[in-house]
Amino acid sequence: MNLTVRPRRLRSGENLRKMVRETRMDPSSLIYPLFVREGSGIMEEIPTMPGQYRYSTDTMGEKLESLQNAGVTSVMFFGIPDEKDEAGSGAYDANGIVQRALRQARKDFPSLYRVTDVCMCEYTSHGHCGVLKGKEVDNDRTLNLLAQTALSHAEAGADMVAPSDMMDGRVAAIRSVLDENGFYNTPIMSYAIKYASAFYGPFRDAAGSAPAFGDRKSYQMDYHNSREGIREALLDVEEGADIIMVKPAMSYLDMVAKIKDIVHVPIATYSVSGEYSMIKAGASLGYIDEEKIICETAASAFRAGCDIYLSYFAEEIAGFMKEGKIG
């Protein structure tokens, strides 16, 4: 046949395929979510997330060192307190678990970039992401507590704070308090587009953060909606968000692509616990090739337009990048 245009020409060899690759990835774009809990000598595997652990501050160093050796330079800390109360006071306690983990990480791994999840669900006795008024989360009363949590994280050594609560106005409240206290250069990565998703199930096991009653649909987004997500992203940028996050990743990459074209700040997406556990379960049964699925799902997130990828597979992904299997 007399074909002038042959797309396969650019697929004829590995070097050429890499030369014309549209999606480029680097380990510096990865963030690893780390669970820290009260106590000492603790490294306990999370039953619903094989290969993931809860660490105490004295054992987390081995994992942080392993991550840095792999090229993963950023970690997001999630705290698991021993005690909870109605107001989630452990979240903004200067000596809380995340605050102590930050100080330890800053001392032992000064080059590590420390990000913190700013929320209250792990710290409240009822498991919701703010203080209650009856059976509803009181949006406006919660804002000050979220701002105090973010401030306590910054004071303890957080390089970036990431509010995940989905309260209206939380970015503005946090930005105001950080600036008032001299943390002008502490960025906010907002979970702007966080869907009420079944993909979070294993995380709630890991962090002990399942709601004691009801659900979070009155503040997290309805997964049928996309225009609402655009509105949320624009509002958060207007309030001072430096990075916009879409969560979860796998089923919401359409939102990553849409937001990428609308806002002019970096876009993050979080490959959440359910995505991790599905891959682990499928691989353990021999139904899928774990390595190839990890690479493909990560590449799809970057192809959709994300600049930052949060993943429990961050260390493996960094290794695959170095080996030339991805990126």
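Being a predicted model, the structure only gives us computed values, none of them experimental. Quick note: numbers below take in every heavy atom, side chains included, and nothing from hydrogens, waters or symmetry partners.
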Given Glu290 and Lys280, is the salt bridge (charged side-chain N to carboxylate O under 4.0 Å, His left out) satisfied, shown in steps?
CA-CA 7 Å; Glu290 181 173 318; Lys280 279 292 186 181; 3.1 Å; yes
Tell me, yes or no, whether the heavy-atom count around Arg227 atom CZ, taken from other residues, nucleotides or ligands under 6.0 Å, exceeds 12.
no
Check: Ile267 main-chain N/O paired with Asp307 side-chain donor or acceptor under 3.5 Å:
yes
Are side-chain N/O atoms of Ser66 and Glu62 paired as donor and acceptor at under 3.5 Å?
no
Would you find more than 12 non-hydrogen atoms of other residues, nucleotides or ligands less than 6.0 Å from Glu238 atom CD?
no
Do Ser271 and Phe313 have side-chain heavy atoms sitting under 4.5 Å apart?
no
May I ask you to test the Phe35-Ile46 pair for a side-chain heavy-atom distance under 4.5 Å?
yes
Distance-only donor-acceptor check, side chains Thr124 and Glu86, under 3.5 Å
no
Are side-chain heavy atoms of Met166 and Tyr195 found at a separation under 4.5 Å?
no
Would you check if Met160 and Tyr113 make a side-chain contact, meaning some heavy-atom pair closer than 4.5 Å?
yes
Decide side chain to side chain contact (heavy atoms under 4.5 Å, CB included) for Gln148 and Val177; before the verdict, give the C-alpha distance in whole Å, the side-chain angles of both, and the deciding distance to 0.1 Å.
CA-CA 8 Å; Gln148 291 306 312; Val177 167; 4.3 Å; yes
Please answer whether the main-chain N or O of Gly130 pairs with a side-chain N or O of His128 as donor and acceptor at a distance below 3.5 Å.
no
I'd like to know whether CG of Asn15 has more than 12 heavy-atom contacts from other residues, nucleotides or ligands below 6.0 angstrom.
no
How far apart are the closest heavy atoms of Gly157 and Arg106, and which atoms are they?
CA-NH1, 3.6 Å
How far apart are the C-alpha atoms of Met60 and Met43, what are their side-chain angles, what is the distance that settles it, and do they pass the side chain to side chain contact (heavy atoms under 4.5 Å, CB included) test?
CA-CA 8 Å; Met60 68 179 184; Met43 180 181 169; over 6 Å; no
Lys258-Ser226 side chain donor-acceptor pair, cut-off 3.5 Å
yes
Does a sphere of radius 6.0 Å around CZ in Arg8 hold more than 12 heavy atoms from other residues, nucleotides or ligands, not counting ones at 6.0 Å or beyond?
no
Any side-chain donor paired with an acceptor under 3.5 Å for His153 and Tyr92?
no
Could you go through Arg175 and Asp242, starting from their C-alpha distance and side-chain angles, then the distance that decides it, and tell me whether this counts as salt bridge (charged side-chain N to carboxylate O under 4.0 Å, His left out)?
CA-CA 10 Å; Arg175 184 76 273 157; Asp242 301 284; 3.7 Å; yes
Should the pair Lys84 and Tyr123 be classed as cation-pi, given the thresholds of under 6.0 Å to the six-membered ring centre and 45° from the axis?
no
Checking Glu45 side chain against Gly51 main chain: does a donor-acceptor pair fall under 3.5 Å?
yes
Hey, does the side chain of Asp26 reach the backbone of Ser29 with a donor-acceptor pair shorter than 3.5 angstrom?
no
From Arg231 atom CZ to Ile262 atom CD1, the distance as rounded to the nearest 0.5 Å
14.0 Å
Taking the side chain as every heavy atom from C-beta outward, state whether Val137 and Met167 have any pair of such atoms under 4.5 Å apart.
yes
Test item: Val272 and Phe203 side chains (from C-beta on) under 4.5 Å apart, heavy atoms:
no
Looking at residues at least two apart in the chain, or sitting in another chain, which of them share a salt bridge (charged side-chain N to carboxylate O under 4.0 Å, His left out) with Glu14?
Arg17, Lys18
Contact summary for Ser277 and Thr48, nearest pair of heavy atoms:
OG-O, 2.6 Å
Kindly indicate, with the supporting measurements, whether the criterion side-chain hydrogen bond (donor to acceptor under 3.5 Å, both in side chains) is fulfilled by Ser176 and Glu180.
CA-CA 6 Å; Ser176 177; Glu180 287 170 5; 3.1 Å; yes
Once rounded to the nearest 0.5 Å, what's the spacing between atom OG of Ser300 and atom CG of Leu253?
5.0 Å
Are Asp117 and Tyr191 side-chain neighbours, meaning at least one heavy-atom pair lies under 4.5 Å?
yes
Identify whether the distance between the nearest side-chain nitrogen and carboxylate oxygen of Glu22 and Arg303 falls below 4.0 Å.
no
Okay, side chain of Gln99, backbone of Ala91: is any donor-acceptor separation there less than 3.5 Å?
yes
Is it possible for you to check whether Lys194 lies under 6.0 Å from the centre of the six-membered ring of Tyr270, through NZ or CZ, and within 45° of that ring's axis?
no
Are the side chains of Arg11 and Leu16 in touch, meaning some heavy atoms are under 4.5 Å apart?
no
Let me confirm one number: the CD-CZ distance from Glu155 to Arg103, rounded to the nearest 0.5 Å.
10.0 Å
Tell me which one of Leu151, Val118, Val115, Thr149 satisfies side-chain contact (heavy atoms from CB on, under 4.5 Å) with Val161.
Val118
Got a donor-acceptor contact below 3.5 angstrom from the Thr59 side chain to the Ile42 backbone?
yes
Interatomic distance, Glu228 atom CD to Ile193 atom CD1 [nearest 0.5 angstrom]
10.0 Å
Would you sort out whether Thr142 and Arg170 count as a side-chain hydrogen bond (donor to acceptor under 3.5 Å, both in side chains), showing the intermediate values?
CA-CA 9 Å; Thr142 298; Arg170 80 277 179 67; over 6 Å; no
Start with the C-alpha distance between Thr116 and Leu102, add both sets of side-chain angles, then the distance that settles side chain to side chain contact (heavy atoms under 4.5 Å, CB included), and finish with yes or no.
CA-CA 9 Å; Thr116 59; Leu102 286 166; 3.7 Å; yes
Going through the distances and angles, do Asp108 and Gln104 end up as a side-chain hydrogen bond (donor to acceptor under 3.5 Å, both in side chains)?
CA-CA 6 Å; Asp108 295 341; Gln104 190 69 45; 2.7 Å; yes
CG of Leu67 to CD1 of Ile31, rounded to nearest 0.5 Å, is 12.0 Å
Looking only at atom types and distance, does a side-chain atom of Glu275 sit under 3.5 Å from a main-chain N or O of Phe199, one as donor and one as acceptor?
no
Test item: Asn181 side-chain N/O and Phe183 main-chain N/O as donor-acceptor pair under 3.5 Å:
no
Show your reasoning for whether side chain to side chain contact (heavy atoms under 4.5 Å, CB included) applies to Tyr219 and Asp165.
CA-CA 8 Å; Tyr219 42 103; Asp165 54 283; over 6 Å; no
Counting neighbours of CG on Asn185 that are heavy atoms of other residues, nucleotides or ligands and sit closer than 6.0 Å, is the number greater than 12?
no
Derivation of the side-chain hydrogen bond (donor to acceptor under 3.5 Å, both in side chains) call for Tyr276 and Gln52:
CA-CA 10 Å; Tyr276 174 89; Gln52 298 301 308; 3.2 Å; yes
Can you measure from CG (Leu146) to CE (Met120) and round to the nearest 0.5 angstrom?
6.5 Å
